[in-house]
Amino acid sequence: MDKINERFQNLLKEKSFPMKVIEESDAFIYKGRFSITDVHTIDFAVSLSKGDNRSVAQVVFQNIAYCKNKEEENKWLSFLNQLNREQGIYYYFSMDENQRVFMRYVCEISQDLENLFNVLVQGPYLIKTIMPQIESEFGPFIVL
């Protein structure tokens, strides 16, 4: 195992932050889930490319919300752009080809895995902060 992923896995154990680990040919994928309500579960993943000294890290939170009909897509895109301007410090919000809203952070890392972990654990807080705005604009969501 490369040094960066070995150190990240040790950090997750040290912080008691269990994630499912999947090894791919060029990266390790770390998966998790959390619930923001009884009927809304968020999937998240960290991807770390294999490397001893440098790695590309990506953190993605999926199933935040979804565009319920095609007629609202432009309204959603405008709303997400506004969120990115107002809330986009580390993460940015986007919509995939299936009209599902996700949040993403990408960076290159070398030694500072603690900073990556801190960005990861801030994700749920940010999602919980913006959900009232989303639900006020587009209504509640059920995502299991």
Side-chain angles (χ1 to χ4, degrees), residues 2 4-51 54-144:
D2 63 287
I4 289 179
N5 277 286
E6 182 179 3
R7 289 194 339 260
F8 189 68
Q9 288 181 23
N10 288 336
L11 179 63
L12 292 174
K13 286 178 190 167
E14 176 185 311
K15 300 286 187 178
S16 298
F17 197 88
M19 296 183 79
K20 180 179 179 182
V21 181
I22 301 167
E23 183 175 5
E24 295 184 347
S25 61
D26 59 346
F28 279 85
I29 310 298
Y30 304 86
K31 293 185 173 191
R33 300 182 93 186
F34 74 95
S35 296
I36 56 175
T37 68
D38 290 342
V39 294
H40 194 159
T41 301
I42 305 289
D43 295 309
F44 63 95
V46 177
S47 170
L48 283 177
S49 63
K50 292 180 179 178
R54 292 192 143 356
S55 178
V56 175
Q58 177 177 217
V59 182
V60 178
F61 289 84
Q62 299 172 312
N63 301 322
I64 296 170
Y66 52 90
C67 180
K68 295 176 183 177
N69 61 60
K70 192 72 170 163
E71 293 77 35
E72 288 190 330
E73 185 173 8
N74 285 334
K75 184 178 176 183
W76 264 106
L77 294 174
S78 177
F79 179 80
L80 293 174
N81 281 335
Q82 179 183 343
L83 275 179
N84 287 331
R85 286 191 306 271
E86 295 173 358
Q87 305 287 338
I89 296 173
Y90 296 109
Y91 289 99
Y92 66 87
F93 296 90
S94 190
M95 188 183 310
D96 69 17
E97 63 277 357
N98 295 316
Q99 279 66 42
R100 293 191 174 274
V101 175
F102 66 93
M103 187 174 78
R104 182 175 171 189
Y105 171 76
V106 180
C107 71
E108 182 179 69
I109 59 169
S110 55
Q111 301 298 317
D112 195 7
L113 294 171
E114 188 81 33
N115 186 52
L116 177 64
F117 181 80
N118 290 335
V119 169
L120 170 64
V121 298
Q122 288 302 310
Y125 171 77
L126 180 56
I127 292 168
K128 289 177 183 178
T129 300
I130 59 120
M131 280 313 296
Q133 289 176 273
I134 290 175
E135 290 182 345
S136 172
E137 192 73 31
F138 300 100
F141 293 88
I142 298 173
V143 183
L144 299 174

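Computed from a predicted model, the values in this text were never measured in an experiment. Every heavy atom of this structure was used, including side-chain atoms; hydrogens, water molecules and symmetry mates were not.
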As a quick check of understanding, evaluate side-chain contact (heavy atoms from CB on, under 4.5 Å) for Leu48 and Ile109, giving each step before the final call.
CA-CA 9 Å; Leu48 283 177; Ile109 59 169; 3.5 Å; yes
side-chain contact (heavy atoms from CB on, under 4.5 Å) between Val106 and Arg104: does it pass, once the steps are laid out?
CA-CA 7 Å; Val106 180; Arg104 182 175 171 189; 3.2 Å; yes
Under 3.5 Å, side chain of Asn84 to main-chain N/O of Phe93, donor-acceptor pair present?
yes
Between His40 (side chain) and Asn63 (backbone), is there a donor-acceptor pair under 3.5 Å?
yes
Would you name the heavy atoms of Gly51 and Asp2 that are closest together and state the gap between them?
O-OD2, 2.8 Å
Can you spot which of Ile64, Leu80, Val59 makes a side-chain contact (heavy atoms from CB on, under 4.5 Å) with Met103?
Ile64
Is a side-chain N or O of Lys50 found less than 3.5 angstrom from the main chain of Ile4, in a donor-acceptor match?
no
Evaluate the side-chain proximity of Leu12 to Tyr30: yes if any heavy-atom separation is below 4.5 Å, no if none is.
yes
Under a 3.5 Å distance rule, please check whether Ser35 uses its side chain to pair with a backbone N or O of Asp38 as donor and acceptor.
no
If the threshold is 4.0 Å, N to carboxylate O, is there a salt bridge linking Arg33 and Asp43?
yes
Would you compute the distance between atom CG of Asn98 and atom SG of Cys67 and round it to the nearest 0.5 angstrom?
11.5 Å
Residues which pass side-chain hydrogen bond (donor to acceptor under 3.5 Å, both in side chains) with Gln99, listed by chain and number, not counting sequence neighbours
Glu73
Name all pairs fulfilling the salt bridge (Lys or Arg N to Asp or Glu O under 4.0 Å) condition that reach into residues 83-102, sequence neighbours left out, sorted by first residue then second.
none
Apply side chain to side chain contact (heavy atoms under 4.5 Å, CB included) to Arg54 and list each qualifying residue two or more places apart in sequence or on a separate chain.
Glu108, Ser110
Quick test of your reading: applying ring pair (Phe, Tyr, Trp, His ring centres under 6.0 Å), list the pairs with at least one residue in residues 54-73, sequence neighbours left out, ordered by first then second residue.
Phe44-Phe61, Phe61-Tyr91, Tyr66-Phe141
Approximate separation, where rounding is to 0.5 Å, of Phe8 CZ and Phe17 CZ:
8.0 Å
Sequence-distant partners of Lys20, salt bridge (Lys or Arg N to Asp or Glu O under 4.0 Å), two or more places apart:
none
Does a sphere of radius 6.0 Å around NZ in Lys31 hold more than 12 heavy atoms from other residues, nucleotides or ligands, not counting ones at 6.0 Å or beyond?
no
side-chain contact (heavy atoms from CB on, under 4.5 Å) between Ile42 and Ile36, intermediate numbers included:
CA-CA 7 Å; Ile42 305 289; Ile36 56 175; 4.3 Å; yes
Provide the closest heavy-atom pair for Asn5 versus Ser49 in the form atom of the first, atom of the second, distance.
ND2-O, 3.5 Å
Might you work through the side-chain contact (heavy atoms from CB on, under 4.5 Å) test for Cys107 and Tyr105, ending with a clear yes or no?
CA-CA 7 Å; Cys107 71; Tyr105 171 76; 3.5 Å; yes
Would a distance-only check, ignoring hydrogens and angles, find a side-chain to backbone donor-acceptor pair under 3.5 Å from Ser55 to Ala57?
no
Min side-chain heavy-atom separation Phe28-Gln9 under 4.5 Å:
yes
Show your working on ring pair (Phe, Tyr, Trp, His ring centres under 6.0 Å) between Phe79 and Phe138 and close with a plain yes or no.
CA-CA 10 Å; Phe79 179 80; Phe138 300 100; 5.4 Å; yes
Donor-acceptor pairs under 3.5 Å, side chain of residues 116-137 to any protein atom, not counting sequence neighbours: which ones?
unit_1: Asn118; atom_1: ND2; unit_2: Glu114; atom_2: O; d: 3.3
unit_1: Thr129; atom_1: OG1; unit_2: Tyr125; atom_2: O; d: 2.8

